Undergrad: 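Sending over a structure as structure tokens; questions will come in a sec.
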2 protein chains.
Amino acid sequence: MSLLTVGSVAFDKLETPFGKTDKIVGGAATYITISASYFTNKNNIVAVVGGDFPQEMIATMQEKGINTDGLEIIADGKTFFWSGKYHNDMNTRDTLDTQLNVFENFNPQIPDNYQDCQYLMLGNMVPALQHSVLKQLTNRPKFVMLDTMNLWIDIALPDLKAVIAEVDCLTINDEEARQLSGDYSLRRAAKSIMAMGPKTLIIKKGEHGALLFQGDQIFYCPALPLEEVFDPTGAGDTFAGGFIGYLAKTDDISFDNMKRAIVHGSAMASYCVEKFGTERILNLTQEDINTRVNQFKDLAFFDL
Amino acid sequence: MSLLTVGSVAFDKLETPFGKTDKIVGGAATYITISASYFTNKNNIVAVVGGDFPQEMIATMQEKGINTDGLEIIADGKTFFWSGKYHNDMNTRDTLDTQLNVFENFNPQIPDNYQDCQYLMLGNMVPALQHSVLKQLTNRPKFVMLDTMNLWIDIALPDLKAVIAEVDCLTINDEEARQLSGDYSLRRAAKSIMAMGPKTLIIKKGEHGALLFQGDQIFYCPALPLEEVFDPTGAGDTFAGGFIGYLAKTDDISFDNMKRAIVHGSAMASYCVEKFGTERILNLTQEDINTRVNQFKDLAFFDL
């Protein structure tokens, strides 16, 4: 089934304890679509970049089967830029610079040939824009997933709640789940958030894995303990892309299949952090993915 | 197989966001032996208390099949007392008061009828005392497990390393694993720590579960997401008691059986935190334990 992803495509400049990058290509929709490309070739992106965005990266995305008809290029504009520095724990980071550039006036337009998408991923951005995408679709997709962040809980809560009410699945991290619900217990937080609309909730816990909630059902997918986390940028988006890409491929939104999707998303994220930016996830084989998915099985299974 | 536990028996005075207690019975060896009592009735304790320690609690432990021959009572002394206050996140706490009392001069003596123990649990205490217990045993137990804490890494590292070198399994929390190894990556930290001696390492991550390492094998046992964590005191010891109690019951120290033991320990810990002190774990049925162990299976299993 076809997947539509709307979100940022950006330049990142990163500093981790392992090194620094120059401006490299990042952005939520970049990671999501690249990750999803291993699962579906009906993989559509809506995003905006400036004239400074490298043609080679667009070509690379197209080679991965990503349909870039919806990638608007504003020739005299500059691409969204973010620069950050990770602390030694790799879980916390400081933003050094944010230049919204063409992303500031992003007004996502859904091309006609994207109207039939069955799976919709609303990457992290202004909640009102996420909502505008939903409103533009003449047929509601079968499955709509939304990612957000603490910033929007802080400054755009009514808009965020309005769009959350209309999606099937929300993905946020543990601190954001606590902030959004006002409840420290993740189990109670999950109940409150599902009461806001989404039937399914994914709480991402970084190195501690991810929790999938639906009604009274819970699934806990651990993160693979890695020797080295080289660069965590994009791990959450890569996870989301693997998750929804797997759902789009299998076209099965049962809880059992969502478990498999979470494991595939986690496998993709575990590769993402091994190198800077998208480098690692641009160069995976199906064999690599299967190997890692089986490692998750070894990690979590026991025999009673 | 018989289990010997050496450690503290204490009074705790607790404050959590849910309420306060008067002095209640706590201590590592208390939680460990009570938890283990659901798995083995060859359950021996070596500890020290003062004349102020309630006879009823000793009777309760004996009803649970715990052999208290090694529980030294110093009639004119006072029992170790600790008072603490948990923060809202329930993961951090302040110590309000520590009175070592009779625990200050604790010199564990192993009764002759404990000499044949096959499983030994060295609860958290001064590393030199843990070592003295090992030296007193004429036959080395089949499986020796040791718990410790950041304090001993800070002030008694050479003693700690000396005893760690001689045990089969070390259990510590994630921050302590990082502190002891000097490595942020838990996977690399685990390698360093296993190189210090123990073939098996358990890293406890509180609400995020526990990791079991042995050679290149890793098992991740999640923690059950609970609506309410009422009082985390003793959860780590209850976990350890369930783990080693299960091993002693089954007398199988294969990695696969340790996985089952971790799940049983986690199930016990998940009950422990539901009420203050030992209240909940004193009142469980085998059915309760089986129910929860099956919840872990539902939580972690997926179908590929």
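Here is how names work: the chains are called A, B, and so on, in the same order as the sequence lines, proteins then strands, and each is numbered from 1. Because the structure is a prediction, the values reported are computed rather than measured.
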Undergrad: Would you say B:Tyr220's side chain and A:His208's backbone share a donor-acceptor pair under 3.5 angstrom?
TA: yes
Undergrad: What's the verdict on side-chain contact (heavy atoms from CB on, under 4.5 Å) for A:Leu224 and B:Ile218, showing C-alpha distance, side-chain angles and the deciding distance?
TA: CA-CA 9 Å; A:Leu224 209 61; B:Ile218 313 179; over 6 Å; no
Undergrad: Looking at A:Val263, A:Leu186, A:Asp256, A:Leu212, which one has more heavy-atom pairs under 4.5 Å with chain B than the rest?
TA: A:Val263
Undergrad: Tell me if the CE atom of A:Met1 is crowded by more than 12 foreign heavy atoms within 6.0 Å.
TA: no
Undergrad: Verify, without hydrogens or angle tests, whether A:Arg188 (side chain) and B:Glu227 (backbone) share a donor-acceptor contact under 3.5 angstrom.
TA: yes
Undergrad: Given a strict heavy-atom distance threshold of 4.5 Å, which part of A:Asn88 is in contact with chain B: side chain, backbone, both, or neither?
TA: backbone
Undergrad: Checking heavy atoms, do the side chain of A:Tyr184, its backbone, both or neither come under 4.5 Å from chain B?
TA: side chain
Undergrad: Measure distances from B:Ala223 to the heavy atoms of chain A and classify the residue's part below 4.5 Å as side chain, backbone, both or neither.
TA: backbone
Undergrad: Examine whether an atom of A:Leu299 lies under 4.5 Å from a heavy atom of chain B, and if so say whether it belongs to the side chain, the backbone or both; otherwise answer neither.
TA: both
Undergrad: When rounded to the nearest 0.5 angstrom, what is the spacing between NZ in B:Lys205 and NZ in A:Lys205?
TA: 8.0 Å
Undergrad: Against chain B, label A:Leu211 side chain, backbone, both or neither, depending on which of its atoms sit under 4.5 Å from a heavy atom there.
TA: side chain
Undergrad: Whether the side chain of A:Ser185 engages the backbone of B:Val229 through a donor-acceptor N/O pair (distance < 3.5 Å, no angle test) should be reported.
TA: no
Undergrad: Can you name the nearest heavy-atom pair linking A:Leu304 to B:Lys297, along with the distance?
TA: CD1-CD, 4.0 Å
Undergrad: Check each atom of A:Asn257 against the heavy atoms of chain B and say whether the ones under 4.5 Å are side chain, backbone, both or neither.
TA: neither
Undergrad: Is the number of heavy atoms from other residues, nucleotides or ligands within 6.0 Å of NZ (A:Lys42) greater than 12?
TA: no
Undergrad: Ignoring hydrogens, what is the shortest heavy-atom contact between A:Lys259 and B:Asp298? Give both atom names and the distance.
TA: NZ-O, 3.6 Å
Undergrad: Is there a donor-acceptor pair under 3.5 Å between the side chain of A:Arg260 and the backbone N or O of B:Asp303?
TA: yes
Undergrad: Does any backbone or side-chain atom of A:Glu207 lie under 4.5 Å from a heavy atom of chain B? Answer side chain, backbone, both or neither.
TA: both
Undergrad: Please find the pair of heavy atoms, one from B:Phe301 and one from A:Phe219, that lie closest to each other, and give the distance.
TA: O-CE1, 3.7 Å
Undergrad: Would you say NZ of B:Lys191 has more than 12 non-hydrogen atoms from neighbouring residues, nucleotides or ligands within 6.0 angstrom?
TA: no
